[in-house]
Amino acid sequence: MKLSVPGVRRISAIPGIPAISARVALPVGLALAGLVAATAPSATAAPVTSLRPVQSASAAVLAAPDIPLANVKAHLTQFSSIAAANGGNRAHGRAGYLASVNYVKGKLDAAGFTTTVQQFTSSGATGYNLIADWPGGDPNQVLMSGSHLDSVTSGAGINDNGSGSAAILETALAVSRAQLQPAKHLRFAWWGAEELGLVGSRYYVNNLPTADRAKISGYLNFDMIGSPNAGYFVYDDDPTIEQTFKDYYAGLGVSTEIETEGDGRSDHAPFKNVGVPVGGLFSGADYIKTAAQAQKWGGTSGQAFDRCYHSSCDSTANINDTALDRNSDAVAHAVWTLSAASVPPPTGTVYENLTDVTIPDNGAAVTSSVTVSGRTGGAPLVRVDVDIKHTWRGDVVIDLVGPSGTAYRLKNSSSSDSADNVIATYTVNTPTETANGVWRLRVQDVAAQDTGYINSWRLTF
Ligand code: TRP
Ligand code: ZN
Ligand code: CA
């Protein structure tokens, strides 16, 4: 999305600073280096590699990882198999429910969570909530994420609510893979008997001492986030939580709407009722997608967001992969952001490339590389300091590419981020990389008009 008049596009920039000031201010030598690189954008000059200790070690905000869709879907396949082996559902009081609890609990226990199974009784049957705590963080600031794990009796409940259950499970496993040390304490919950009227979550809230309620700084609810004819709905509750989700979607360029399909119809309601700030995502149930919604989100107007809502066809075929993928990443983004996850950036040896590389406008990706040698073993966590000059940084997508060829997304494009330059520090989990080899910063400008160049970058570990 671009405006065609150059002057207009700069309106939101800092007043008084001309659009091209960054390039004009450049020393001639650097500007020339940029021009030379522009003739062969991805063939970088020999990297200028210096070996010296990092001077400053201020904490860097850790970006949430991409949640692998394949992992989320693998959990859905397991829920489907569990239902198939237990009379076709995972409903409260049925064997398929407890089997679902045990599946999720097994994954969490193996990943280092402290799990608790809370029992309650509803309609003459025992129900179970599964609670998982990630060790550490401030016990007086708890960020909770929850999804109901039960289905209705008529089917396997893969969208409702295998989708939310799988997304928060995979986010929890990502927390473990990252060995995240957030400022807040993280807790995940899988609720029983939601389909009987929010029974499990209400039981949890009612049995939480009043003092502990006040320690829950936020509750995020995920119920139906892979609807086949998906919409992108954000709960309109706590403003900070709501904005966190909206920001994520704005970064993807996907518009969202406020969730209106029955406020209080899921497990956030008991939390909201006692004053806990709540929020969440929803991709739609039995309401009908309008023409305007189909226009902006795709899918079929005049049809329900989920035609299999509460029926036997809520199977693994009843999932929109794009919606599930985006929403799963949004869960992780919210957990990372709202828990104020930060890690001290790694210190160690600095490898840097000071050669300018021109980034072609709305063109192919360019790279700048550093070569690491003489190290042994892996590089589980690296720090990347980036200095990119650009007149509209929202155009810029940045990846770190490890020696294995795996890309780690540092920054997405954003049509609304009109600020200049990307001067940032990223802390990146790279658990499967070897230290030695060629590491690349890969930068692409994905929208016409504004341009820039890689000024320098450095890798530290
Ligand atoms: N499980 C919920 C229910 O059956 C699904 C639902 C409908 C929902 N509307 C919602 C979930 C709005 C969250 C928000 O009621
Ligand atoms: Zn549900
Ligand atoms: Ca551009």
Side-chain angles (χ1 to χ4, degrees), residues 67-68 70-87 89-122 125-137 142-151 156-158 160-180 182 185-196 198-205 207-208 212 216 219-223 225 266-267 316 328 331-332 335 339:
I67 298 297
N71 294 11
V72 180
K73 293 190 75 175
H75 301 314
L76 296 182
T77 301
Q78 292 300 317
F79 292 144
S80 176
S81 302
I82 287 168
N86 291 284
N89 67 61
R90 302 182 301 105
H92 169 72
R94 309 295 182 91
Y97 181 72
L98 193 52
S100 299
V101 170
N102 287 332
Y103 170 74
V104 176
K105 183 176 185 298
K107 297 281 180 193
L108 294 163
D109 288 339
F113 282 83
T114 305
T115 59
T116 311
V117 176
Q118 181 182 45
Q119 292 194 14
F120 57 89
T121 303
S122 182
T126 303
Y128 308 89
N129 292 326
L130 172 63
I131 313 295
D133 284 276
W134 181 241
V142 179
L143 180 67
M144 273 191 90
S145 304
S147 293
H148 76 84
L149 186 55
D150 63 314
S151 70
I158 298 303
D160 183 13
N161 183 33
S163 61
S165 295
I168 68 166
L169 171 58
E170 195 55 32
T171 298
L173 298 180
V175 166
S176 169
R177 285 192 290 267
Q179 289 294 299
L180 197 66
H185 178 77
L186 293 179
R187 183 174 298 155
F188 295 85
W190 287 261
W191 307 118
E194 187 270 355
E195 299 290 5
L196 279 66
L198 321 179
V199 176
S201 53
R202 183 174 295 124
Y203 183 86
Y204 177 85
V205 170
N207 286 279
L208 198 62
D212 289 347
I216 303 178
Y219 172 75
L220 313 179
N221 195 62
F222 305 99
D223 184 0
I225 58 170
S266 191
D267 298 298
T316 52
S328 300
V331 174
V335 167
S339 66

Is the side chain of Asp150 donor-acceptor paired with the backbone N or O of His92 at a distance under 3.5 Å, no angle test? no
Tested for side-chain contact (heavy atoms from CB on, under 4.5 Å) against Ser145, the lone hit among Val335, Thr171, Asn221, Leu186 is Val335
In terms of ring plane angle, is the pair Phe113 and Phe188 parallel, tilted or perpendicular, where the classes change at 30° and 60°? perpendicular
Less than 4.5 Å apart, any side-chain heavy atom of Asp160 and any of Glu195? yes
Please find the pair of heavy atoms, one from Ser100 and one from Ile82, that lie closest to each other, and give the distance. OG-CG2, 3.8 Å
Does the His148 side chain pair with the main chain of Gly192, one donor and one acceptor, at a distance under 3.5 Å? no
Exercise: do Asn89 and Ser151 side chains pair donor with acceptor under 3.5 Å: no
Looking only at heavy atoms, which two atoms of Thr114 and Pro135 are closest? And how far apart? OG1-CG, 4.3 Å
Nearest 0.5 Å, what's the CH2-CZ distance between Trp134 and Arg187? 15.0 Å
Arg90 side-chain N/O to Ala156 backbone N/O, donor-acceptor pair under 3.5 Å: yes
Which pair of non-hydrogen atoms, one from Ala174 and one from Ile67, has the smallest distance, and what is that distance? CB-CD1, 3.7 Å
Would Arg177 and Glu170 pass as an ion pair if we require N to O under 4.0 Å? yes
Which of parallel (below 30°), tilted (30 to 60°) and perpendicular (above 60°) describes Tyr97 and Tyr128? parallel
